[in-house]
Amino acid sequence: MTQPILMRLRHDDQVKLGLQIDDNVYDVTSELGSVAAFLQRSAGRIEATISDVVTAALRNPPLFQTKDLETINWLAPTDSQDIWAAGVTYEHSRNARQEESQDGGDVYARVYTAERPEIFFKGHGTRVIGHLGEVGIRSDSHWNVPEPELGLVLNPALEVVGLTIGNDMSSRDIEGANPLYLPQAKVYNASCALGPGIVLGSHSTWPIKTIDLEIIRQNSTLFSSQIQTSRIHRTIQELLEHLGRCTDFPDGAVLLTGTGIIPPSEFTLQVGDSTRISIDGIGTLVNRVKQV
């Protein structure tokens, strides 16, 4: 059996939790109640909790098969979790931040090697965009890019319960004008997408994954690139230790782990573009671009 995948979806006008096991998706809404409840139950007993949910799912007939997944109404695989993000975790990201910065970007060079990583609030789980939803570019920005990232799904004990795909939308000109503008460059309507689901399983070290980004405009690929998670400069333990300092997460959290794929400086997203982010073993997150 492959690793189970937890997902949120709208089915028969109701929000449901589905669990994909091999080629079938089972309704586990009554068993779990919410993503938050599942994460709370998993604290200190991740594998046992996953096993319990799989056992409960297999008692019932499947809700549908995986061949029907592209016809469903996807929701982001979060509810009451906070979404946080780590920055400048790849060397390429450090270089790009220095390039866009109007003052030379020394702050980015220093944070790359500092003991304390850059970690910032990205959004609340109820406002996250799901697979096939629309992500936003700011109307007051002229340089907007997607940032494809591996997402760590965390329980209240800050243990990694699963993996997902994240799109950390960013207005490069706004952050480049002044690092203090980072919240405006990063946190706005439809600025974060996650999905399609959460591949369940415990991780204490980086899973070696390839992240692919493709940007499509009018059915043509404008940009594509890939990078491996082995290029991340920080360890999972470093990021989680700093995330949890002086802050608790009673409903769990998602931590986006930085991007190593940066489109060229002359590129900016336009309304109607599509972003396609794939991570092997996790899936593909597709979003269309709108202006907000």
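Model, not experiment: these values are computed from the prediction.
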Peer 1: Distance from Lys67 atom NZ to Asn24 atom CG, nearest 0.5 Å?
Peer 2: 10.0 Å
Peer 1: Leu152 vs Trp206, test: side chain to side chain contact (heavy atoms under 4.5 Å, CB included). Steps then yes/no.
Peer 2: CA-CA 10 Å; Leu152 305 179; Trp206 293 118; 4.1 Å; yes
Peer 1: Are side-chain heavy atoms of Ile50 and Ser42 found at a separation under 4.5 Å?
Peer 2: no
Peer 1: Can a donor-acceptor pair be found, under 3.5 Å and without considering hydrogens, that links the side chain of Thr247 to the backbone of Gly244?
Peer 2: no
Peer 1: For Arg288, give me all partners under side-chain hydrogen bond (donor to acceptor under 3.5 Å, both in side chains), at least two apart in sequence or on another chain.
Peer 2: none
Peer 1: Restricting to non-hydrogen atoms, name the atom on Leu17 and the atom on Asp27 that form the minimum distance, rounded to 0.1 Å.
Peer 2: O-OD1, 3.5 Å
Peer 1: A side-chain contact here means heavy atoms from C-beta on lying under 4.5 Å apart; do Thr126 and Ser80 qualify?
Peer 2: no
Peer 1: Does any part of the side chain of Leu239, heavy atoms only, come nearer than 4.5 Å to the side chain of Ile236, both counted from C-beta?
Peer 2: no
Peer 1: Taking all non-hydrogen atoms of both residues into account, name the closest pair between Ile83 and Val128 and its distance.
Peer 2: CG1-CG2, 3.7 Å
Peer 1: For Leu158, which residues count as a side chain to side chain contact (heavy atoms under 4.5 Å, CB included) partner, sequence neighbours excluded?
Peer 2: Leu154, Leu243, Phe249
Peer 1: Not counting sequence neighbours, list each pair that qualifies as a salt bridge (Lys or Arg N to Asp or Glu O under 4.0 Å) and has a residue in residues 210-221.
Peer 2: Arg217-Asp273
Peer 1: According to salt bridge (Lys or Arg N to Asp or Glu O under 4.0 Å), does anything in residues 2-14 pair up with another residue at least two apart or in another chain? List the pairs.
Peer 2: none
Peer 1: Output every pair passing side-chain hydrogen bond (donor to acceptor under 3.5 Å, both in side chains) with a member in residues 156-169, not counting sequence neighbours, ordered by first then second residue.
Peer 2: Lys122-Asp168, Asn155-Glu159, Asn167-Thr275, Asp168-Lys186
Peer 1: To check you understand the geometry: which heavy-atom pair defines the closest contact between Ser191 and Val187, and what is its length?
Peer 2: OG-CA, 3.9 Å
Peer 1: Write down the atom of Ala57, the atom of Tyr26, and the distance for their closest heavy-atom approach.
Peer 2: O-CD2, 3.3 Å
Peer 1: If you draw a 6.0 Å radius around CZ in Arg276, do more than 12 non-hydrogen atoms from other residues or ligands fall strictly inside?
Peer 2: no
Peer 1: Whether the side chain of Glu175 engages the backbone of Ala185 through a donor-acceptor N/O pair (distance < 3.5 Å, no angle test) should be reported.
Peer 2: no
Peer 1: Is there a side-chain contact between Ile227 and Thr210 in this structure, where contact means two heavy atoms from C-beta onward sitting under 4.5 Å apart?
Peer 2: no
Peer 1: Under the criterion side-chain hydrogen bond (donor to acceptor under 3.5 Å, both in side chains), I'd like the reasoning laid out for Ser278 against Thr284: C-alpha separation, chi angles, the key distance, then a yes or no.
Peer 2: CA-CA 4 Å; Ser278 298; Thr284 300; 2.8 Å; yes
Peer 1: Val271, Phe223: one ILVMFWY side-chain cluster at the under-4.5 Å cut-off?
Peer 2: yes
Peer 1: Would you please name every residue forming a side chain to side chain contact (heavy atoms under 4.5 Å, CB included) with Ser141, sequence neighbours left out?
Peer 2: Arg138, Asn144, Ser171, Asp173, Ile174
Peer 1: Measuring from Glu149:CD to Ile277:CD1, what's the distance to the nearest 0.5 Å?
Peer 2: 8.5 Å
Peer 1: Could you list all the side-chain hydrogen bond (donor to acceptor under 3.5 Å, both in side chains) pairs where at least one residue sits in residues 52-62, not counting sequence neighbours?
Peer 2: Arg45-Asp52
Peer 1: Under a 4.5 Å side-chain heavy-atom rule over Ile, Leu, Val, Met, Phe, Trp and Tyr, are Val292 and Leu132 clustered together?
Peer 2: yes
Peer 1: Determine whether more than 12 heavy atoms belonging to other residues, nucleotides or ligands lie under 6.0 Å from atom CZ of Phe120.
Peer 2: yes
Peer 1: Within a 6.0 Å radius of atom CD on Gln237, are there more than 12 heavy atoms belonging to other residues, nucleotides or ligands?
Peer 2: yes
Peer 1: Should Glu31 and Arg41 count as an ion pair when the cut-off is N to O under 4.0 Å?
Peer 2: yes
Peer 1: Among residues at least two apart in sequence or on other chains, which ones pass side-chain hydrogen bond (donor to acceptor under 3.5 Å, both in side chains) with His233?
Peer 2: none
Peer 1: Ser225: which residues meet the side-chain hydrogen bond (donor to acceptor under 3.5 Å, both in side chains) condition with it, sequence neighbours left out?
Peer 2: none
Peer 1: If you look at every heavy atom in Phe38 and Thr49, which pair is closest and at what distance?
Peer 2: CE1-CG2, 3.6 Å
Peer 1: Under the rule for salt bridge (charged side-chain N to carboxylate O under 4.0 Å, His left out), what residues qualify as partners of Lys209, not counting sequence neighbours?
Peer 2: none
Peer 1: Side chains of Ile21 and Leu58: closer than 4.5 Å at any heavy-atom pair?
Peer 2: yes
Peer 1: Val28 and Val54: same hydrophobic cluster, using ILVMFWY side-chain contacts below 4.5 Å?
Peer 2: yes
Peer 1: To the nearest 0.5 angstrom, please state how far the CG atom of Leu9 sits from the CD1 atom of Ile72.
Peer 2: 4.5 Å
Peer 1: Are Leu163 and Ile198 close enough that some pair of their side-chain heavy atoms sits under 4.5 Å apart?
Peer 2: no
Peer 1: Sequence neighbours excluded, which residues qualify as side-chain hydrogen bond (donor to acceptor under 3.5 Å, both in side chains) partners of Gln20?
Peer 2: none
Peer 1: What I'd like to find out is whether the side chain of Leu269 reaches to under 4.5 Å of the side chain of Met169, using heavy atoms alone.
Peer 2: yes
Peer 1: Should we count CG of Asp140 as having more than 12 external heavy atoms under 6.0 Å?
Peer 2: yes
Peer 1: Let's go through Phe64 and Leu69 carefully: what are the C-alpha distance in whole Å and the side-chain angles of both, what is the deciding distance for side chain to side chain contact (heavy atoms under 4.5 Å, CB included) to 0.1 Å, and is it a yes or a no?
Peer 2: CA-CA 8 Å; Phe64 49 82; Leu69 284 177; 3.5 Å; yes
Peer 1: If you round to the nearest 0.5 Å, how far is NE2 of His131 from CH2 of Trp74?
Peer 2: 6.0 Å
Peer 1: Quick test of your reading: applying salt bridge (Lys or Arg N to Asp or Glu O under 4.0 Å), list the pairs with at least one residue in residues 239-267, sequence neighbours left out, ordered by first then second residue.
Peer 2: Glu115-Arg245, Glu241-Arg245
Peer 1: Taking all non-hydrogen atoms of both residues, which atom of Leu32 and which atom of Ala37 are closest, and how far apart?
Peer 2: O-CB, 3.3 Å
Peer 1: Within the 4.5 Å heavy-atom criterion, are Ile208 and Gln228 side-chain neighbours or not?
Peer 2: yes
Peer 1: So, taking the atom named CD1 in Ile279 and the one named CG in Leu213, what distance separates them when rounded to the nearest 0.5 Å?
Peer 2: 11.0 Å
Peer 1: If you measure from CZ on Arg234 to OH on Tyr112, what distance do you get to the nearest 0.5 Å?
Peer 2: 9.0 Å
Peer 1: Please determine whether side chain to side chain contact (heavy atoms under 4.5 Å, CB included) holds for the pair Leu194 and Val254, giving the CA-CA distance in whole Å, both sets of side-chain angles, and the decisive distance to 0.1 Å.
Peer 2: CA-CA 10 Å; Leu194 296 175; Val254 176; 4.3 Å; yes
Peer 1: Would you say Ile216 ends up clustered with Ile129 if hydrophobic residues are merged whenever their side chains have heavy atoms under 4.5 Å apart, either directly or through other cluster members?
Peer 2: no
Peer 1: Under the side chain to side chain contact (heavy atoms under 4.5 Å, CB included) criterion, do Leu75 and Met7 qualify, and how do the steps go?
Peer 2: CA-CA 8 Å; Leu75 302 174; Met7 59 187 70; over 6 Å; no
Peer 1: Mind checking whether Phe267 and Val135 sit in one hydrophobic cluster, side chains of I, L, V, M, F, W, Y counted as touching below 4.5 Å?
Peer 2: yes
Peer 1: With a 3.5 Å distance limit and no angle check, can you tell me whether Glu238 reaches the backbone of Thr235 through a side-chain donor-acceptor pair?
Peer 2: yes
Peer 1: Quick check: does any side chain N or O of Gln40 sit under 3.5 Å from a backbone N or O of Pro250, one acting as donor and the other as acceptor?
Peer 2: yes
